[in-house]
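These notes are about the structure you will find just below.
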Amino acid sequence: MSYMFSFSNFVNLDLCGLNLNNVQNMSNMFSNSRMLQSVNLSNIEAENVSDLSHIFDSCGALREVNFSNFKTKELKDMFYMFHHCSSLI
């Protein structure tokens with residue numbers, strides 16, 4: 001799922017409840033999506049995801065991310081996860 005929504009023009013994304021147990025790499029998934037303001041990643045099963053690095057890199061309009069009940073066991077890399085996300089409070 002790496003780069004899946006990268007450079008997109010989405011403003012809001014709701015991915016609540018997805019089963020991503022077969023996914024290992026979510027790096028740069030939303031990177032450079034400069035219009036993106038909110039993402040709902042709640043209740044996601046992502047037990048094998050090991051890489052979330054740069055997932056929101058350069059999402060300057062991003063204000064809200066919901067990670068509640070985001071389940072992972074193998075997470076190792078969160079490097080620059082919110083790099084250049086200047087609108088996050």
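Only this structure's heavy atoms are used, side chains among them; waters, hydrogens and symmetry mates stay out. Source: prediction; values computed, not measured. In this chain, residues are counted from 1 in sequence order.
Considering CD1 of I44 and SG of C16, their distance stands at 7.5 Å, rounded to 0.5 Å. Rounded to the nearest 0.5 angstrom, C59 SG and R34 CZ are separated by 8.5 Å. How far CD of Q37 is from CZ of R63: 6.0 Å, rounded to the nearest 0.5 Å. One distance of note links CG of L20 with CG of L41; it measures 9.0 Å at 0.5 Å rounding. Annotation: the span from N48 atom CG to E74 atom CD amounts to 6.0 Å, rounded to 0.5 Å. Going from atom CE of M29 over to atom CE of M1 covers 3.5 Å, rounded to the nearest 0.5 Å.
Taking every heavy atom of both residues into account, S58 and N32 meet most closely at CB-OD1, 3.3 Å. Minimum interatomic distance between M26 and V49 (heavy atoms only, all atoms of both residues): SD-CG2, 3.6 Å.
Residue pairs meeting the side-chain hydrogen bond (donor to acceptor under 3.5 Å, both in side chains) criterion with at least one member in residues 5-16, sequence neighbours excluded, are S6-S31, S8-S33, N12-S38, D14-N40.
In F82, the CZ atom is crowded: over 12 heavy atoms of neighbouring residues, nucleotides or ligands sit closer than 6.0 Å.
A donor-acceptor contact shorter than 3.5 Å is absent between the side chain of S2 and the backbone of N25. Looking only at distances, a side-chain donor or acceptor of N21 sits under 3.5 Å from a matching main-chain atom of E47. Not one N or O on the side chain of S42 forms a donor-acceptor pair closer than 3.5 Å with the backbone of F67.
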Walk me through whether L62 and S87 qualify under side chain to side chain contact (heavy atoms under 4.5 Å, CB included).
CA-CA 6 Å; L62 188 64; S87 293; 5.8 Å; no
Under the side chain to side chain contact (heavy atoms under 4.5 Å, CB included) criterion, do D51 and Q24 qualify, and how do the steps go?
CA-CA 7 Å; D51 190 352; Q24 293 179 352; over 6 Å; no
Does the side chain to side chain contact (heavy atoms under 4.5 Å, CB included) test come out yes or no for V11 and L36, once each step is laid out?
CA-CA 4 Å; V11 175; L36 189 61; over 6 Å; no
Before you tell me yes or no, could you show the steps for V39 and F56 under side chain to side chain contact (heavy atoms under 4.5 Å, CB included), namely the whole-Å CA-CA distance, both residues' side-chain angles and the distance that decides it to 0.1 Å?
CA-CA 10 Å; V39 179; F56 297 109; 3.9 Å; yes
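F7 and M81 end up in different hydrophobic clusters when Ile, Leu, Val, Met, Phe, Trp and Tyr side chains are linked at under 4.5 Å. Linking ILVMFWY side-chain heavy atoms closer than 4.5 Å, directly or via other members, places L13 and M4 in a single hydrophobic cluster. Under the 4.5 Å side-chain contact rule for hydrophobic residues, F30 and L75 share a cluster. The cluster map of Ile, Leu, Val, Met, Phe, Trp and Tyr, joined by side-chain heavy atoms under 4.5 Å apart, puts V23 and F79 in different clusters. F10 and V65 fall within the same hydrophobic cluster, defined by Ile, Leu, Val, Met, Phe, Trp and Tyr side-chain heavy atoms under 4.5 Å apart, directly or through other members.
Inspection of the N43 and N69 side chains reveals an N or O donor paired with an N or O acceptor under 3.5 Å. The closest side-chain donor-acceptor pair between N28 and Y3 falls under 3.5 angstrom.
Between H83 and H54, the angle of the ring planes goes over 60°, which puts this pair in the perpendicular group of the 30/60° scheme.
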